[in-house]
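Comments concern the structure below.
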Amino acid sequence: MKGCPRAAFLITMIMKTLFTNIKELIQIRENGEEKISGADMKILPSIKNAFLLVEDEVIVDYGAMADLGILEADHVEDCTGKIVLPAWCDSHTHLVYAGNREQEFVDRINGLSYEEIANRGGGILNSAKKLQETSEEDLYQQSKERLEAVMQMGTGAIEIKSGYGLTTEAELKMLRVIKRLNEEFPLPIKATFLGAHAFPPEYKEDQEAYIDVIINEMLPKVASEGLADFVDAFCETGYFSVAQTEGIMEAAQKYGLPSKIHVNQFTVIDGIEACVKHNALSVDHLEVLEDKDIEVLKNSSTMPVALPTCSYFISIPYTPTRKLMDAGLPLALATDYNPGTTPSGNMNFVVATACIKMKMTPEEAINAATLNGAYAMDLAKDYGSITKGKKANILVTKEIPSYYYLPYAFGDHLLEKVMIHGTFI
Ligand SMILES: N=CN[C@@H](CCC(=O)O)C(=O)O
Ligand SMILES: [Zn+2]
C-alpha cells in the first residue's frame, strides 16, 4: 500500500489471485531461511504442476495442483507451461544518475582503461559534473524511466546508491530522488549514502578535508532527514583507503546505518577484513580476491556480492564465485546498474552471465539473485522466496521448457508477467 495510505481504509474485501497449473514453482522456502550458503546454493526447492495463492499483497498458500481444493478467486492466472518464481532482488545499483557515458565506452574500445579515463577527469567525476548541473525534477524523471524498465524486467526489490553528487547539496538531491522513487513506486527501495565514491577535484590535495565533509556535514544531514538505510564507500587504490573507509563506517554506525562497501574491484588492500570487523551487511565487487579474504568472510554475517555484468562490460576479471561457495559462503548477484561500468539493470542478464562466465549453476544463480539479494538489502524477511507471509513479488515466465532456459536463452525476454505486492504491473 506504499504511496497510497488511504487505500487501506477504502478496501474492505480481500483480493485473491490464484496461479494454477504452474509448470514449476521455484525457490520455495518454508523454514525461514534468510540466506543460502555454500553447497546448499545448488538446491532450488520447487513443486512441479503447482498452484500459488496470493491475497492482497501477500503469498498465503501454494502446493501441488492435486491438493488444490475448490477455491474462489477474483483472478485466476493459468500458468500452463510456465515457470513461476520470486521477483529478482537487486541489491547493488546506482540507478539514479544524470545522462550517460557512451563516449567513455568508445574510449575503452579504443584502448583506454577505466583507470586512465578516470585519471583524465572522466568516470565518476564526469557523472558528478552532469548530476550537479541537473535539476532534481529532471534527475527524478530520468531515474523513474530506468526504474520502470527494470521492474518490467522482473526486479521486485532494489537498492540505489547516491555517490554522483560529491557535494552536500548534490548528494542530498540524489537521496531525495531515491526517497521520492520509494514513495511513488510499489517495490521496496533501499537507499545507500555513497558520498565516498570519489574525491572531488577540489579535495584532491586534501583528502582528509573531504572525509571531514562526509562525516561531519553530509552524514548528519542524511541521517537527520532519514534519507539513507546504509552507507557505502569505494574502498580502492586511488579512491578511499581502508582507514578512510573504516572512519566512514564507524561514523555511520553512530547513526545506525550499516555498511555495504565497494571493495576488491581492482586491487586487494585488506578492505574486506575491515568491513567484516565493522559488521558490514555486504561486500560488493570482489573481482580480485585472495585466500585470506575468503577466510575472513567465514563465520561472518557479511554477504559477498558479485556483479558479473560489470566484469562483462569493462572487461575485468569475474568474481571467483566458485571459490566463495566452495568455502561454504553465501553469495548474492546484483546488476551494479550505473552509467560507467554497467549501463544495464537487467537481472536476467546478470543470472545468465553468472552461469555462462562464472560457471554458476542455474540453481546457484537464482538463489543468489533472489533470497541472497534480499539478505544483502536486509529484506529477506519479506522478499526473495516463495514463502507464506512474504510479499507477493512474483515472476511468471512465458512457456519455456524449464528454468534452465532463463540463463540459456540469455538474450530473450522470457517474462510474461511481473507482480509486485500482489498487483500485476
Ligand atoms: N566502482 C565504483 N563504482 C561504480 C562505477 C562508477 C562509475 O564508473 O560511474 C561500480 O560499482 O562499478
Ligand atoms: Zn557499484
Side-chain angles (χ1 to χ4, degrees), residues 90-105 107-108 112-132 134 142-143 146 158-166 170-171 174 178 190-200 230-241 244-245 248 259-267 269 271 275 280-288 303-319 332-345 347 350 353 373 376-377:
D90 189 354
S91 67
H92 181 137
T93 86
H94 308 250
L95 175 144
V96 170
Y97 58 84
N100 285 291
R101 307 220 303 261
E102 72 278 8
Q103 180 58 50
E104 294 179 9
F105 167 61
D107 291 344
R108 268 200 319 278
L112 287 186
S113 68
Y114 182 79
E115 196 184 359
E116 284 164 338
I117 291 168
N119 289 341
R120 294 175 174 202
I124 296 166
L125 296 183
N126 182 355
S127 285
K129 188 163 180 293
K130 287 191 168 94
L131 190 135
Q132 288 163 10
T134 303
Q142 292 186 39
S143 309
R146 292 182 202 115
I158 194 166
E159 180 258 16
I160 308 176
K161 300 171 194 300
S162 67
Y164 289 125
L166 307 185
E171 283 295 307
M174 287 189 80
I178 300 171
K190 290 285 185 139
T192 300
F193 168 54
L194 176 56
H197 201 187
F199 285 97
F230 306 114
V231 74
D232 194 349
F234 188 13
C235 182
E236 182 59 67
T237 307
Y239 292 83
F240 293 80
S241 69
Q244 289 166 338
T245 303
I248 290 165
S259 41
K260 288 168 64 63
I261 304 290
H262 283 73
V263 65
N264 286 47
Q265 182 174 8
F266 300 109
T267 55
I269 53 172
C275 293
L281 179 60
S282 70
V283 282
D284 302 39
H285 273 289
L286 319 181
E287 286 88 346
V288 289
M303 176 65 73
V305 179
L307 309 163
T309 49
C310 171
S311 299
Y312 173 84
F313 189 71
I314 62 167
S315 305
I316 60 174
Y318 287 88
T319 303
L333 289 169
T335 61
D336 197 16
Y337 194 1
N338 76 76
T341 67
T342 326
S344 162
M347 280 295 284
V350 166
T353 309
M377 294 184 272

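Worth knowing before you read on, the calculation uses all heavy atoms, side chains too, and leaves out hydrogens, waters and symmetry mates. Worth saying up front: this structure is predicted, and the values here are computed from it rather than measured. In this chain, numbering begins with 1 at the start of the sequence shown. Atoms within each ligand, like the ligands themselves, are counted from 1 in listed order.
Within the listing of ligand 1, atoms 6 (C), 7 (C), 9 (O) sit less than 4.0 angstrom from a heavy atom of Y164. Every atom of ligand 1 is numbered from 1 in the order shown, and the set under 4.0 Å from a heavy atom of H92 is 11 (O). Numbered from 1 in the order shown, with element, the atoms of ligand 1 that lie under 4.0 Å from a heavy atom of H285 read 1 (N), 10 (C), 11 (O), 12 (O). Against a heavy-atom cut-off of under 4.0 Å, T341 is close to the following atoms of ligand 1: 5 (C), 8 (O), 10 (C), 12 (O). Atoms of ligand 1 lying under 4.0 Å from any heavy atom of H197, numbered from 1 in the order shown and given with element: 2 (C), 3 (N), 4 (C), 6 (C). Listed by number with element, the atoms of ligand 1 under 4.0 Å from a non-hydrogen atom of Y114 are 5 (C), 6 (C), 7 (C), 8 (O).
Checked against a 6.0 Å centroid threshold, the rings of Y318 and Y312 do not count as neighbours. For Y239 and F199, the distance between ring centers is not under 6.0 angstrom.
Within the 4.0 Å heavy-atom shell around ligand 1 one finds H94.
Note on ring orientation: taking the six-membered ring where Trp is involved, the planes of Y164 and Y97 are perpendicular (angle over 60°, cut-offs 30° and 60°).
Salt-bridge annotation for D232 and K161: present, with a side-chain N of the basic residue lying under 4.0 Å from a carboxylate O of the acidic one.
Residue-to-ligand polar distances keep S127 apart from ligand 1: every N/O pair is separated by 3.5 Å or more.
Within the 3.5 Å criterion, the main-chain N or O of L307 finds no donor-acceptor partner in the side chain of D336.
At a cut-off of 2.8 Å, H285 does not coordinate the Zn ion (ligand 2) through any N, O or S atom.
Around atom NZ of K130, more than 12 heavy atoms belonging to other residues, nucleotides or ligands sit under 6.0 Å away.
Residues F313 and R108 form a side-chain contact, since some pair of their non-hydrogen atoms from C-beta on lies under 4.5 Å apart.
Nearest protein neighbour of atom 10 (C) of ligand 1, counting heavy atoms only, is D336 OD2, 3.1 Å. Nearest protein neighbour of atom 1 (N) of ligand 1, counting heavy atoms only, is Q265 OE1, 2.6 Å.
Rounded to 10 degrees, the NE2-metal-OD1 angle spanning H262 and D336 at the Zn ion (ligand 2) equals 170°.
D90 and T93 share no donor-acceptor pair across their side chains, judged by distance under 3.5 Å alone.
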